[in-house]
Amino acid sequence: MAPFCGALLAASFYGIKDPKSRMILLKFRGLCCLVEPHELPAWFKLPASRPMTVISDSDDDFVIPSESQSLVTSVNTRKANGFMSDVRKDLPCEIVDDDVDEISNVLKKRFSSPELVCLALNACSVKVSKSLIDKILRRFNNNWISAFGFFKWVDNQPEFNNKQFPKSYDMMVDILGKCKKFDLMLQFVEEMNRIGGLVSLSTMAKVIRRFSGARRWHDAIKTFYDLELLGVKKDCSALNVLLDSLCKERNVKCARDVFLSMRSQISPNASSFNILLHGWCKARKLDEAKQVIKEMRDFGFTPCVISYTNLIEAYCIQKDFENANAILAEMRSQGCLPTVVTYTIIMHSLGKANKIQEALQVPVKMSRDGCTPDTSFYNSLIYVLCKAGRLADANRLFEEMHRDGIPPNAITYSTLISAFCDYSQEEDAFKLITKMGESPCKPDVKTYHPLLKLCCKRKWTKLLMYLLVDMFEKDISLDPGTYTMLVQGLCRNDKLQQSCLFFEEMVLKGIAARPRTLNLLLEGLEKKGIYGAKEKIHQLMLQARSRR
DNA sequence: TGAAGTTTAA
């Protein structure tokens, strides 16, 4: 009756079914509970391949409160009525890709090295195709060991001709960068260069952006200077990639210095100026932004709708709607018409500033201009309606999007789910994430964050765990904000042991803990007299500090 | 993601 299953256990997650009582034990990073299958929300599915064992429930110390019983029952009733199967039947054409599933099942076992992944995959008998590679890489883009092991395995397949798939190589470069495996990433690029014909500007853009994202400015700039060693032209497009990645990571000063030092060698285009303009606008440096407009004109470029929209956004960030409108008037006088992007910025900022009535006038003005809304515009409108507490209207709008041929995206779902959680309409929130599971939109941390928060607030530990397990299964990793929320939320729920686990994981990942979070945890441990854990946390902080 | 806009939250 011992717990089982090496690989899954190593990942500190397992689900065990007792065939007699049909109870399911869920264990996730020290969280543990025993549930009846009917308690599982409809969107939560245990993989069929998981082994079955009888096990006692000594670890279970969680209780689902009565409110969530009603939630679970309602989801369940729909399930009993065939709700889920109806949804599935109605889907236009669900592509069942057996090969993707077969490989995913192997990759999910979370091996300790790419070589082990490669070995395990040798047992698979699937045919390598471009679509298979893309699907797997997309699915495991948070897990470089699985992705890289899979890629090496593909490379060994006799039918695989690596020159056919430069984009897949670029994806692999990006995954290594995203997971901060920078040395491996550079080695891999070298390897691509040796094979020949695989390294392009789009490859190097991934490298530059990932270095910038990790605030390794020097490496980003060096990558640009050394482009020609890899056979990539050091032209204006390459310069713009570097400038943009520096600006997007909020280092516009560094971008300006690069720009000035390169100006004599590479002639900038209008985009170069707009990139810098955007950098200054985001940094709320309006004087510098205006200076860029002037330089742009001196250089012989006329500011375009993107330039004006950037300035409008800068004023909107400062809630200076008067000046935003003045720019709007100025661009019109220049014969430059605002686009749906311009209107989205204005509407969204008005909503954020609680000027709801004015915000809701924007769609009217926009249609007068003959400008058609898109998904992002709808998302902002939904956000504004939610901010005003008009959830029913927001939901109606969401339904209308389908009808109007403007497909909702993951942000649409996340916005509504978040609002439902804020207004304690948890049943609607869970209904929506169920619906999302049946749509092409993929949830991310931002989708789950408000749900996890709600579970903490209501002390719904079982539901919290369903969600965490679900995220784990989908390879959605926690971000700093979510770690902080979980550590604090579990602390307040007297789940100190679990709170410590998330705290530990966060610190080991190199995420700095806020003093507030640390103190809350330490105070909790002190109050409960759990001195061992308190000492461990202290040690952890010392280690983290010395590493920095 | 990538010359402009949309989701969490301290």
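Lettering of chains follows the sequences in order, A, B, ..., and the numbering in each one begins at 1.
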ring-ring contact (aromatic ring centres under 6.0 Å, His included), that's the test. Do A:Y413 and A:F398 meet it? Break it down for me.
CA-CA 9 Å; A:Y413 281 95; A:F398 170 72; 5.3 Å; yes
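B:dG2 and B:dT6: their P atoms are spaced 15 Å apart (whole Å). Rounded to a whole angstrom, the distance from the P atom of B:dA9 to that of B:dA3 is 30 Å. B:dA10 sits 28 Å from B:dA4 when the C1' atoms are compared, rounded to a whole Å.
For the pair A:D479 CG and B:dT7 C1', the interatomic distance rounds to 12 Å; values are reported in whole Å. Remark: P of B:dA3 and CG of A:L239 are 13 Å apart, rounded to the nearest angstrom. Taking atom CG of residue A:L311 and atom P of nucleotide B:dA3, one finds them 19 Å apart after rounding to whole Å. Separating the CG atom of A:D444 from the C1' atom of B:dT7 is a distance of 8 Å, rounded to the nearest angstrom. In this structure, A:I317 places its CD1 atom 9 Å from P of B:dG5, rounding to the nearest Å. Atom-to-atom, CG of A:L201 to P of B:dG2 comes out at 13 Å; the value is rounded to the nearest Å. The interatomic distance linking A:L328 (CG) with B:dA4 (C1') rounds to 14 Å, in whole Å. One interatomic measurement links the two molecules: CD of A:Q488 to P of B:dT8, which rounds to 18 Å at whole-angstrom precision.
For A:K248, taking side-chain heavy atoms from C-beta onward, the closest of the listed nucleotides B:dG5, B:dA4, B:dT6 is B:dA4. Counting only heavy atoms from C-beta on, A:R516 has its side chain closest to B:dA10 among B:dT7, B:dG5, B:dA10. Nearest nucleotide to the side chain of A:D422, out of B:dT6, B:dA9, B:dG2: B:dA9. With B:dG5, B:dA9, B:dT7 as the candidates, the nucleotide lying closest to the side chain of A:F377 is B:dG5. In the set B:dG2, B:dA10, B:dT8, the nucleotide with an atom closest to the side chain of A:K446 is B:dT8. Minimum atom distance to the side chain of A:V305 is reached by B:dA4, of the listed B:dT6, B:dA4, B:dG5.
The side chain to side chain contact (heavy atoms under 4.5 Å, CB included) search around A:L260 returns A:R256, A:R263, not counting sequence neighbours. By the side-chain hydrogen bond (donor to acceptor under 3.5 Å, both in side chains) test, A:T203 is found to be paired with A:D170, A:S200, residues two or more places apart in sequence or in another chain being considered. Residues passing the side chain to side chain contact (heavy atoms under 4.5 Å, CB included) test with A:L520, sequence neighbours excluded: A:Q488, A:C491, A:R492.
Within a 6.0 Å radius of NZ in A:K387, more than 12 heavy atoms belonging to other residues, nucleotides or ligands are found. The environment of A:E322 atom CD is sparse: at most 12 non-hydrogen atoms of other residues, nucleotides or ligands sit within 6.0 angstrom. No more than 12 heavy atoms of other residues, nucleotides or ligands sit less than 6.0 Å from atom NZ of A:K355. Counting heavy atoms of neighbouring residues, nucleotides and ligands inside a 6.0 Å radius, atom NZ of A:K509 exceeds 12 of them.
Taking the centre of each ring, A:F503 and A:Y483 stay at or above the 6.0 Å mark. Taking the centre of each ring, A:F150 and A:F140 stay at or above the 6.0 Å mark.
Scanning residues 210-232 of chain A for heavy-atom distances under 4.0 Å to DNA chain B yields an empty list. Near-neighbour residues of DNA chain B inside residues 404-415 of chain A, defined by a heavy atom below 4.0 Å, number-ordered: A:I411, A:S414, A:T415. For the segment residues 258-293 of chain A, residues with any heavy atom less than 4.0 angstrom from an atom of DNA chain B are, sorted by number, A:S271, A:N274, A:I275, A:H278, A:K282.
Between A:F148 and A:F188, the ring-plane angle classifies as perpendicular under the 30° and 60° cut-offs. Ring-plane geometry between A:F273 and A:F299 is classed as tilted, the angle between the planes lying from 30 to 60 degrees on a 0 to 90 degree scale.
For A:K387, no side-chain nitrogen or oxygen approaches OP1 or OP2 of B:dT7 to under 4.0 Å. In this structure, A:K453 reaches the B:dA9 phosphate: one of its side-chain N or O atoms is under 4.0 Å from OP1 or OP2.
Residue-level contact check: A:V340 touches the bases, meaning some heavy atom is under 4.0 Å from a base atom. Using a 4.0 Å heavy-atom distance criterion, A:N240 is classed as making no nucleic acid contact.
Look at A:R139 and A:D475 and you find no salt bridge, because none of the NZ, NE, NH1 or NH2 atoms lies under 4.0 Å from a carboxylate O.
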